[in-house]
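In what follows, every heavy atom counts, from backbone to side chain, and hydrogens, waters and symmetry copies are set aside. Residue numbers count from 1 along this sequence.
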Amino acid sequence: MNEEYPLMAFIANEGVAPKGERYDRSSLVTDTENKLYKRTEFGDFIYSSNNLETGSIGLNKYGKACISPVYSVFHPTGIADSNFLGRRLVRKDFINSMVKWRQGVIYGQWRIHESDFLKIDIPVPSVEEQRQIGTFLGYLDNLITLHQRNSADFVSRFFSDFTNTWEQRKLSDVMHARIGWQNLRTSEFLDSGDYMLITGTDFNDGAVNYSTCHFVEKERYEQDKHIQIKNGSILITKDGTLGKVAYVQGLSMPATLNAGVFNVEIKDETKVDNKYLFQYLKAPFLMDYVDKKATGGTIKHLNQNILVDFPVVMPSKAEQEAIGVYFQQLDNLITLHQCEYI
């Protein structure tokens, strides 16, 4: 560690980050006796085998750095473009392919040794096509960022007619949070059926990917009405990638929750708009709060008593509805650009 290779933290799916940016401070492990760190260069992949619900891998977009020796550093070969591969390795289908290499399951997570990680098959096009795809997705990222930056000024103008004071409330003041099944055995998971089972691994960009969900028997679904999911439900992950939020829409059959996911039930729908609450929970506020408050060592957990104390800023119901609609339109615009790419 020196001025040329400053000590950095690692953020799963993002890569290295300077001190002071958002990261999991517990992951910044040092060897206090020998001061041993690993060097990494721009374009390297940083990999952690310990918290793998999301793969715990990220691309070094920063440059020269050194990181804790608990991580593995991979250098891409000449047949792979770092920009393309960095996006490919955090996709849901690749994360799912890691399951067969898992060595043990704790709260839905798995641990994969780096030697096994390198054995996982991944289809890639030619290097030139990889570069073109990476360049286009970079353009898409910039477009999304531009929309997000412009949204603040637009919201200020769009909502200028609202003059009511916003109130700060605890999340427990506006909702109940009920956790999914704690003792559901994997033997109860069905590949098909009439009652869907949603887990945190089925979350995808603020929505639920129903094609990856399992199913349960009717008796299990009917046991707890508080985790019976419907369109408009808000879900939050408790373990693994903490604080991921999904808004349920397009659900066409009865559904319930597995362990590790909270079902948010609004106490008074005449005062709280579910789309506004979803957008507020999806914003960085919750993740920043979770980073500070989550319990556990290497594997973090979002306990219910922590979640209910999360501060939420509440405007009037009419203003909530306007904000919820606006950000839903922004989400739809982003999805449209993604679909055009596909």
Side-chain angles (χ1 to χ4, degrees), residues 1-32 34-98 101-103 109-142 145 240-241 287 291 298:
M1 179 177 64
N2 52 42
E3 291 183 359
E4 185 179 10
Y5 286 86
L7 180 61
M8 298 285 179
F10 169 70
I11 304 175
N13 293 345
E14 296 182 26
V16 295
K19 293 184 67 176
E21 296 188 4
R22 180 180 65 82
Y23 66 94
D24 180 359
R25 293 180 180 272
S26 67
S27 70
L28 192 57
V29 182
T30 61
D31 184 334
T32 56
N34 298 311
K35 297 294 183 183
L36 296 176
Y37 303 97
K38 289 184 176 178
R39 288 185 177 183
T40 172
E41 307 277 350
F42 182 87
D44 288 345
F45 289 93
I46 317 300
Y47 172 72
S48 169
S49 64
N50 285 317
N51 187 11
L52 299 182
E53 184 175 330
T54 61
S56 288
I57 190 167
L59 176 64
N60 180 353
K61 300 178 182 178
Y62 180 84
K64 292 182 178 181
C66 63
I67 60 170
S68 165
V70 301
Y71 302 115
S72 301
V73 179
F74 298 137
H75 308 281
T77 67
I79 64 171
D81 177 72
S82 295
N83 190 17
F84 169 83
L85 200 58
R87 300 169 185 278
R88 186 68 183 82
L89 296 182
V90 298
R91 283 177 54 89
K92 180 70 175 178
D93 57 339
F94 178 77
I95 303 304
N96 288 339
S97 71
M98 299 175 72
W101 297 105
R102 61 186 176 184
Q103 299 171 346
Q109 301 176 61
W110 52 85
R111 177 185 176 90
I112 304 176
H113 191 271
E114 64 178 57
S115 60
D116 289 328
F117 175 81
L118 291 173
K119 296 176 184 176
I120 299 174
D121 293 328
I122 178 171
V124 294
S126 67
V127 176
E128 180 56 32
E129 190 169 353
Q130 291 178 46
R131 292 194 183 108
Q132 291 180 11
I133 294 173
T135 298
F136 179 83
L137 291 178
Y139 164 77
L140 182 60
D141 287 343
N142 292 335
T145 301
T241 305
M287 285 305 303
D291 285 342
T298 302

* Main-chain N/O of Asp81 paired with Gln130 side-chain donor or acceptor, under 3.5 Å -> yes
Over all atoms of both residues, closest heavy-atom pair of [X] and [Y]:
X	Y	result
Pro125	Phe84	CD-CZ, 3.7 Å
Ile67	Leu7	CA-CD1, 4.3 Å
Cys66	Tyr37	CB-CB, 3.9 Å

Approximate separation, where rounding is to 0.5 Å, of [X] [atom1] and [Y] [atom2]:
X	Y	atom1	atom2	result
Phe42	Lys61	CZ	NZ	8.5 Å
Asn60	Phe45	CG	CZ	10.0 Å
His75	Thr40	NE2	OG1	7.5 Å

* Set of side chain to side chain donor-acceptor pair (under 3.5 Å) partners for Lys38, sequence neighbours left out -> none
